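The structure under discussion appears below in the form of C-alpha cells.
Not measured: the values here are computed from a predicted model. Here is how names work: the chains are called A, B, and so on, in the same order as the sequence lines, proteins then strands, and each is numbered from 1.
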Amino acid sequence: MDIFEKTRSRSELIKGVLAGDPDCAAAFHRQYGQRISHLVWSLLGADRDHDDLVQMVFVNLLRALSSLRDPDKLDFFVDSVIFRTVRKELRSRRYRRQVVAASDTLPEVIDLRNPADSLVARRFYLAMDQMGAEDRMIFILRHFEHHSLVEMARISGWSVATVKRRVRRATESFKDIARRDAILCGCLGENAHVGS
Amino acid sequence: MSAHENEFADIAQKVKNAIGDGAEPAMLARHEDIFVSLAERQIGRNRSRIPLYVAAAFAAAFLAGMLLVPRAPAPLRFTIGPDAAPGRAGTWVATTDGGQTDIRFAQGSRFRVFPQSAARVTRADDSEVAIELHAGSVKASVNGNGRTRWRIHAGPYKVTVLGTRFEVQWETRSGELRVDVSKGVVLVQGQGLEHHGIRLTAGRTLLANALQDTFRLEATAAIDNRPAPESARSGVNRPGPEPALSEKATPKETATTEPAASAIEQPFACNPDDAGACLSSARRKGLPQIFQQGTLADLWALQEAARTTGDMDVFNGALIALRGRFPDSGKARLAAFLLGRSAMDIALNHSQAAQWFSTYLKEAPRGPMAEEAYGRLMTSYDGIGRRDLSIRVAQSYLTLYPGGLYENKARMVLHP
C-alpha cells in the first residue's frame with residue numbers, strides 16, 4: 001500500500017510537472033532540488049557557473065522526464081541526468097582547454113575563518129581538474145557521496161564490472177596526483193611527497 | 001573500508017567545510033524559481049504537429065511583433081568599485097574593515113557593500129538582478145522600471161523590490177537578518193517568515209533570526225511612508241513626512257472663531273516646506289474662508305501644514321471640509337484614513353477612529369492605506385470592546401493580506 005501510494009504520488013508529480021503546474025513543479029523541486037544542487041556542487045566544486053549548470057540539469061530533466069516509465073526509479077533517473085549533464089560540461093571544458101582555469105572551479109573568496117580547509121578544497125579541485133571527466137565523477141560519487149557500485153552502475157549506465165574498474169583507476173589516479181601535492185599528501189598521511 | 005577511504009572521507013569533510021554542501025537555502029530558493037519557471041514554460045513538453053495555418057499565423061505574428069516583443073532578457077551592465085571596473089556575474093565583492101565598495105548599474109541603481117561584507121551579483125539582466133549577500137551589510141538604492149525584479153539573497157532569506165531604498169544586514173554566524181526600508185516597499189521571504197513573505201513598508205524594520213525561527217517588526221526613525229499614488233496625482237502638493245504624532249497638540253483658534261473679514265484680499269500661499277508660514281498665511285486669509293472657498297490643493301496643503309505643526313483643530317477642519325466639498329476625489333478617501341488615525345493616536349477616541357477607518361475601507365477597499373486601515377480598525381474595535389467586529393475584521397484581513405504586517409495581530413485577535 002505504501003509503495004502504491006508512493007508510486008501514485010510520484011506519477012502525479014511527474015504528470016503535473018510536465019503539464020506545467022507550478023505547484024507540482026515546486027513540490028518536485030522540494031523533493032529533488034537539494035539533491036541536484038548538492039551533487040552538481042560536489043562534482044564541480046564552488047563553480048561560478050553553478051546556477052547555470054543546475055539550470056541545464058533542470059532543462060535536461062524536463063526534456064527527459066516524459067521518457068521515464070517507472071516512477072519508482074525517479075531517484076536514479078535524476079542522478080543519471082545530473083551525471084550526463086555534468087559529464088558533458090566537463091568534456092566541453094576540457095575540449096575548450098578551460099578545465100584548468102582556477103577561477104572556474106575554485107571558491108573565489110577564501111574563508112579566512114577556515115583557511116586550512118579552504119586550501120585543501122582548492123588543491124582537491126585542482127587535482128580533479130587534472131583527471132578525466134569520468135574518473136573525476138566516479139571518484140567523487142564513490143568517496144565523497146558514498147554510492148555503492150550498483151548504484152553507480154545505475155546512474156552511469158555502465159556495468160558493475162566497468163564501474164569497479166573505473167573506481168580503481170580513478171582512485172589510483174587521484175593518489176598519484178595527491179602524492180605530488182604537499183597539502184593533499186598531508187591529508188592522505190602519505191610520507192612520500194614527490195614534490196610539486 | 002580501506003585506510004585510504006578514511007583519508008578520502010577526511011578530505012571530503014574539509015572540502016565540505018570550505019565550500020559548503022551546495023544546498024544553502026538561498027541557493028535552493030533561486031533554483032526553485034528557475035525550475036518552476038522552466039516547468040511553467042513546459043520545457044519538457046513534446047512538440048506536437050500544428051496545422052499549417054496556425055504556423056502561418058505564428059510566423060506572421062512573429063514578423064509583426066519582432067520589434068515589439070523582447071525575445072530574451074538583455075544583460076544589465078554594472079561596474080564595481082571607484083574605478084568602475086566592469087562587473088561580471090559571479091564575481092565576489094569582499095570588503096575589508098575600512099573600505100566599502102559600490103556596485104553601480106548602468107540604469108542608475110546602486111548597491112553599497114559596507115565594510116567587512118561579502119556579496120556578489122549572481123544574475124544581471126533586465127528580467128532580474130540577483131545579489132547574494134554572504135555576510136555583512138548592503139545598502140540598496142534601486143531605480144525600478146516596473147520590469148526588472150531586484151532581489152537580494154541573504155542566507156535563507158530573500159528580499160524582493162521594485163523601486164526603493166533599503167538596507168539589508170546579514171550576520172552569517174548568528175543567522176540574524178535586518179532589513180530597513182527608507183523608501184518604497186520590499187517583500188522579505190524566507191525561513192521563519194510566512195510563505196508569502198513579509199511586506200515591509202517605508203519606516204519599518206524587519207528583524208529576523210534564522211536560527212531561532214523568529215522575526216519582529218519595528219518602526220524606524222526615518223519614516224517616509226507617503227501614499228505614492230496620491231502624491232503622484234497631486235503634483236506640487238506632495239504629502240510631507242509623517243507627522244510627529246506623539247507631539248502634544250496645541251489647540252489654537254478654531255476655524256469658526258477666525259475672523260474672515262479683511263482677509264479676502266490676502267492671497268493664500270502655502271510653501272510645503274514651511275508649515276508655520278503656511279498656517280500664518282491661512283489665518284491671515286481666514287480659515288473659514290479657505291474651508292469654504294479654497295481649492296482642493298489649498299485644503300490639502302493646509303492639512304499638511306497643520307499636521308506638521310500639530311494643530312489638530314485646523315487639521316481636522318481642513319480634512320472635513322475637503323471631504324464635504326470634494327467627496328469624489330482620491331484625497332477625500334485618504335482624508336478619512338487620516339482622520340481615523342488622528343482620532344486614534346491623538347484624540348484616543350477609538351469609537352470615532354473605527355468609524356473613519358470603516359469609512360475609508362468602504363470608499364477605498366483596495367486603497368493604498370487599506371492594509372493599515374484594517375489593522376487599525378481591529379485595534380479600534382478592541383479598544384471599544386467590540387470583539388465580535390474585531391474578529392470579523394481580522395478574518396477579512398487574513399484573507400486579503402496573508403503574511404501582511406498585521407498578521408500576528410489578526411491571529412491574536414482570533415486566538416487570544
Side-chain angles (χ1 to χ4, degrees), chain A residues 16-22 24-26 28-30 33-42 45-46 48-51 54-55 58-59 61-66 107-111 114 116-122 124-125 139-140 142-146 171 174-175 178 184 187-190, chain B residues 1-47 88-96 116 118-120 122-123 130 132 134-135 153 172-173 195:
Chain A
V17 170
L18 290 174
D21 181 345
C24 283
F28 187 93
H29 187 271
R30 278 197 293 277
Q34 187 171 348
R35 184 192 193 99
I36 292 169
S37 184
H38 166 72
L39 198 48
V40 172
W41 190 260
S42 182
R48 73 152 59 112
D49 295 329
H50 177 75
D51 282 358
V54 168
Q55 184 168 344
F58 288 158
V59 169
L61 190 59
L62 289 167
R63 283 182 176 154
L65 205 52
S66 59
E108 292 163 14
V109 169
I110 290 287
D111 187 350
N114 196 355
D117 290 350
S118 292
L119 194 56
V120 171
R122 274 180 172 272
F124 174 76
Y125 281 104
F139 182 87
I140 290 175
R142 179 64 172 164
H143 298 301
F144 276 41
E145 301 301 320
H146 307 294
T171 304
F174 176 74
K175 282 161 63 180
L184 295 177
C187 291
L188 288 174
E190 294 277 345
Chain B
M1 189 177 276
S2 72
H4 264 126
E5 281 177 330
N6 280 329
E7 286 154 359
F8 294 148
D10 182 45
I11 292 178
Q13 188 58 49
K14 287 179 175 173
V15 170
K16 187 179 175 184
N17 290 344
I19 67 170
D21 64 358
E24 283 74 25
M27 194 184 280
L28 293 179
R30 283 201 310 274
H31 294 166
E32 183 175 337
D33 289 345
I34 293 170
F35 185 73
V36 172
S37 168
L38 289 171
E40 281 184 317
R41 283 152 56 191
Q42 300 197 336
I43 295 296
R45 193 175 187 179
N46 290 331
R47 291 177 182 175
R88 183 179 165 190
T91 305
W92 282 101
V93 177
T95 52
T96 55
Q116 290 187 310
R120 65 172 174 172
T122 55
R123 179 177 174 181
E132 182 181 348
H134 176 66
H153 298 267
T172 312
R173 285 185 178 176
H195 177 66

Near-ring test B/F8/A/F124, centroid separation under 6.0 angstrom: no
Closest-packed option against chain B by number of heavy-atom pairs under 4.5 Å, given A/S42, A/G33, A/P22: A/P22
Sequence-distant partners of A/H38, ring-ring contact (aromatic ring centres under 6.0 Å, His included), two or more places apart: none
Sequence-distant partners of B/Q116, side chain to side chain contact (heavy atoms under 4.5 Å, CB included), two or more places apart: B/D97
Salt-bridge criterion met for B/R30 and A/D51 (N-O under 4.0 Å): yes
Closest-packed option against chain B by number of heavy-atom pairs under 4.5 Å, given A/V54, A/V40, A/I140, A/L39: A/V54
Closest-packed option against chain A by number of heavy-atom pairs under 4.5 Å, given B/I34, B/V36, B/T122, B/D21: B/D21
